[in-house]
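Notes follow the structure.
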Protein chains: 2
Amino acid sequence: MSLTIKDVARLANVSIATVSRVLNRSKPVSPEIREKVMKVVDELGYNPNPVARTLIMKESMLVGVLISDVANTFISMFVRGIEKELFQHGYTTLLCNTNGDTEVELHYLNLLRDKYVDGVVLLTSAPKQEQIDFFDKNDIPVIFSSHTDKDGRFSSINIDDYQATYDATKYLIMLGHRSIAFFSGPMEYYQTVRRYNGYLQALDDHGIEYQEGWLFDKDYDLESGYKSGMELFARENRPTAVFCVSDMVAIGAIRAAEDSGLRVPEDVSIMGFDDIPIAGAYRPKITTVRQPVYELGSGSAQMLLKQIREKGTGSCESKVLPHEIIVRESCRALTD
Amino acid sequence: MSLTIKDVARLANVSIATVSRVLNRSKPVSPEIREKVMKVVDELGYNPNPVARTLIMKESMLVGVLISDVANTFISMFVRGIEKELFQHGYTTLLCNTNGDTEVELHYLNLLRDKYVDGVVLLTSAPKQEQIDFFDKNDIPVIFSSHTDKDGRFSSINIDDYQATYDATKYLIMLGHRSIAFFSGPMEYYQTVRRYNGYLQALDDHGIEYQEGWLFDKDYDLESGYKSGMELFARENRPTAVFCVSDMVAIGAIRAAEDSGLRVPEDVSIMGFDDIPIAGAYRPKITTVRQPVYELGSGSAQMLLKQIREKGTGSCESKVLPHEIIVRESCRALTD
DNA sequence: CTGTTAGCGCATTCAC
DNA sequence: GTGAATGCGCTAACAG
């Protein structure tokens with residue numbers, strides 16, 4: 001069906017080795033022959049079979065990206081960042097959705113290795129032991145995105161979740177709030193834990209005693225925020241502010257507040273996280289912590305590319321991107 | 001490094017041909033030998049190299065999914081539908097983001113073919129001539145999602161965009177609206193055109209004359225809706241209702257209305273499309289047309305799988321999934 | 001510089 | 001039923 005290197009060699013009256021050489025610049029070829037070959041290649045519109053190439057080279061120009069559904073809201077943007085960067089360097093992105101299922105993750109990891117992917121980006125939010133083991137066993141470049149392994153033996157790119165939440169909590173405290181609930185995600189994710197710790201530390205640093213019942217650990221989505229909100233706002237003695245681990249949770253919380261007869265921010269202040277496009281358009285506009293999602297994606301790709309080039313060095317780096325408090329309308333100063 | 005079929009053959013004292021046979025059930029093998037081989041396979045944890053296999057079989061167990069950024073809001077859900085379905089059948093999803101760039105699309109299509117993908121799902125919203133040509137030239141199973149080629153020579157899965165918009169417009173008319181603006185996406189997308197036609201027809205069928213200046217064709221995102229809204233609501237003689245091609249556009253339009261001192265739905269009714277998760281949580285809750293996004297994804301996968309099995313038959317089917325008007329708060333009845 | 005040859009890991013035709 | 005040999009399309013030693 002398709003053209004092979006043989007066809008080119010025959011029509012150009014050279015050996016297949018020569019064709020391979022001009023195509024890969026692997027060895028010097030005389031200008032005349034090179035040109036002759038290129039002419040045939042162009043006329044035929046020939047391009048080498050990447051599968052055969054992979055079989056020999058053990059590289060595929062493929063990069064696997066594992067995603068789960070956490071923070072699913074910004075996955076799309078994140079992936080675009082990765083994808084664009086990789087594409088510019090001739091790599092293709094193999095996207096794998098794991099739904100956070102360890103078994104599925106492992107399945108994909110093995111599959112990817114068998115396909116000779118040149119690298120992997122993990123956006124699965126909970127670095128499991130199985131993953132660590134896999135990358136210990138297989139020498140495949142990998143970037144942990146938005147989460148790191150405990151020992152920091154692998155490259156990673158993150159924002160400073162601890163500091164970001166610390167800053168957010170501090171902001172609420174500066175506004176005069178002394179009772180602040182924490183609408184969390186699952187504590188299995190280090191990301192969540194780091195945020196929680198930042199929150200606790202900010203409380204502590206400002207002489208606020210953490211209260212039993214301020215923590216709601218459900219998930220990163222709208223429904224979780226709504227449920228936590230309905231639960232919290234039904235209480236007699238409710239906090240004056242709520243920190244949410246995502247904007248979607250914040251939106252759910254705002255809905256719950258309104259359904260409970262509370263106004264935001266007059267009766268309760270609600271802070272989000274992510275700064276998804278809708279955050280600035282919501283009513284009230286959501287005060288939130290901005291993550292540079294696209295940059296996290298493209299940064300992952302850049303780091304991975306570097307690691308692929310330097311494969312074998314065992315080098316490993318960590319990158320932390322800046323966050324930013326975006327002040328809008330959903331949090332107000334307490335002036336009583 | 002990795003295990004090969006030779007290792008298995010050696011340890012089981014059989015030829016590689018026999019190993020291949022038990023693994024593929026391609027030819028009968030005596031029970032004793034089969035068992036002996038399987039034992040070695042299990043002990044070694046051997047699995048065949050898919051790349052070598054692809055080189056011979058000309059199939060990869062890979063499916064390419066091309067996406068652009070239109071309706072980017074629901075791509076995530078759509079892809080999950082595809083991915084899950086394919087995964088269950090042993091296929092892996094190769095996701096390619098084209099940004100609607102024809103050149104990039106073509107690049108990917110060629111790459112995918114060279115990787116021997118077993119099929120392709122197109123979610124690029126504008127069936128371009130180049131794409132049609134590609135699939136005419138290359139006999140690769142393909143599903144056009146959310147858009148069809150004009151001639152209907154390829155399989156596709158859609159909702160009935162024409163009817164859905166007709167229904168939505170009719171709903172607004174039934175509410176008493178006689179002047180209805182259309183916040184559109186780019187007219188290069190057939191999807192957009194079909195919706196526009198449904199809108200026009202509904203107007204016509206109910207004796208409403210279409211007015212110059214009711215059409216705003218920008219894009220499917222929030223900003224487009226906002227801009228169109230600011231433009232429209234500044235006018236003296238503004239419509240009482242607006243149909244938007246997506247919920248994000250609707251959200252932008254609602255923002256614009258409020259920034260123009262208009263209340264929704266008291267002063268202007270705004271209707272969305274898609275029913276993204278936020279639509280029901282927005283303030284006001286958005287009246288919209290629901291698309292079964294996940295089902296469009298899994299349906300695409302099912303149709304593709306079927307086509308892969310029946311490859312060569314040249315069979316081609318079209319599937320239309322139901323839409324639904326979701327009545328919420330953003331549109332009100334005119335009672336004057 | 002260039003051509004010949006030998007694999008990469010596997011499926012499959014042939015002989016037996 | 002089973003094994004030896006051939007080749008998928010390509011790269012890389014090896015000679016010349």
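Letters go in sequence order (proteins before strands), and every chain restarts at 1.
- Note on the helix from C:dC1-D:dG16 to C:dC16-D:dG1: angle between the axes of the first and last five pairs equals 50°, rounded to 10 degrees.
- Distance B:Arg10 CZ to D:dG3 P: 15 Å, rounded to the nearest Å.
- Not counting sequence neighbours, the partners of A:Asn24 by the side-chain contact (heavy atoms from CB on, under 4.5 Å) test are A:Ser20, A:Ser26, A:Arg53.
- Put simply, NZ on B:Lys58 is 12 Å from C1' on D:dC10, counting in whole angstrom units.
- For the side-chain contact (heavy atoms from CB on, under 4.5 Å) test, residues two or more places apart in sequence or in another chain that qualify with B:Lys128 are B:Thr102, B:Glu105, B:Ala126, B:Glu130, B:Gln131.
- Residues that satisfy the side-chain contact (heavy atoms from CB on, under 4.5 Å) test with B:His107, not counting sequence neighbours, are A:Phe87.
- Under the side-chain hydrogen bond (donor to acceptor under 3.5 Å, both in side chains) criterion, B:Asp101 pairs with no residue, sequence neighbours left out.
- Residue A:Thr18 places at least one side-chain N or O under 4.0 Å from the OP1 or OP2 atom of C:dG3.
- When the nearest nucleotides of DNA chain D are assigned to B:Ser30 and B:Ala52 by heavy-atom distance, the more 5′-ward of the two goes with B:Ser30.
- With sequence neighbours excluded, the residues satisfying side-chain contact (heavy atoms from CB on, under 4.5 Å) with A:Lys306 are A:Arg309, A:Glu310, A:Glu317.
- Remark: C1' of C:dT5 and NZ of A:Lys6 are 13 Å apart, rounded to the nearest angstrom.
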Produce a footprint string for nucleotides 11-16 of chain D: one letter per nucleotide, 5' end first; B if the base is under 4.0 Å from any protein heavy atom, S if only the sugar-phosphate is, - if neither.
BBB---

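- Among residues two or more places apart in sequence or in another chain, the salt bridge (charged side-chain N to carboxylate O under 4.0 Å, His left out) test is passed with B:Glu59 by none.
- Note on B:Thr4: every side-chain N or O is 4.0 Å or more away from OP1 and OP2 of C:dG9.
- Rounded to an integer number of Å, the gap from CG of A:Asp7 to P of D:dC8 is 11 Å.
- Heavy atoms of A:Val14 sit under 4.0 angstrom from primed sugar atoms or phosphate atoms, though from no base atom.
- B:Asn47 has its CG atom 12 Å from the P atom of C:dA11, to the nearest Å.
- Using a 4.5 Å heavy-atom threshold, the side chains of A:Tyr46 and A:Leu23 count as touching.
- Atom pair A:Glu35:CD and C:dT2:P shows a separation of 13 Å (rounding to whole Å applied).
- Rounded to whole angstrom, the span from the NZ atom of A:Lys115 across to the C1' atom of C:dG9 amounts to 14 Å.
- The listed nucleotides are D:dG9, D:dC8, C:dT2; the one nearest the side chain of A:Leu55 is D:dG9.
- Going from atom CE of A:Met303 over to atom OG of A:Ser318 covers 6.5 Å, rounded to the nearest 0.5 Å.
- Atom P of nucleotide D:dA4 and atom CG of B:Asn13 are separated by 12 Å, given to the nearest angstrom.
- For B:Ser30, there are no side-chain hydrogen bond (donor to acceptor under 3.5 Å, both in side chains) partners at least two apart in sequence or on another chain.
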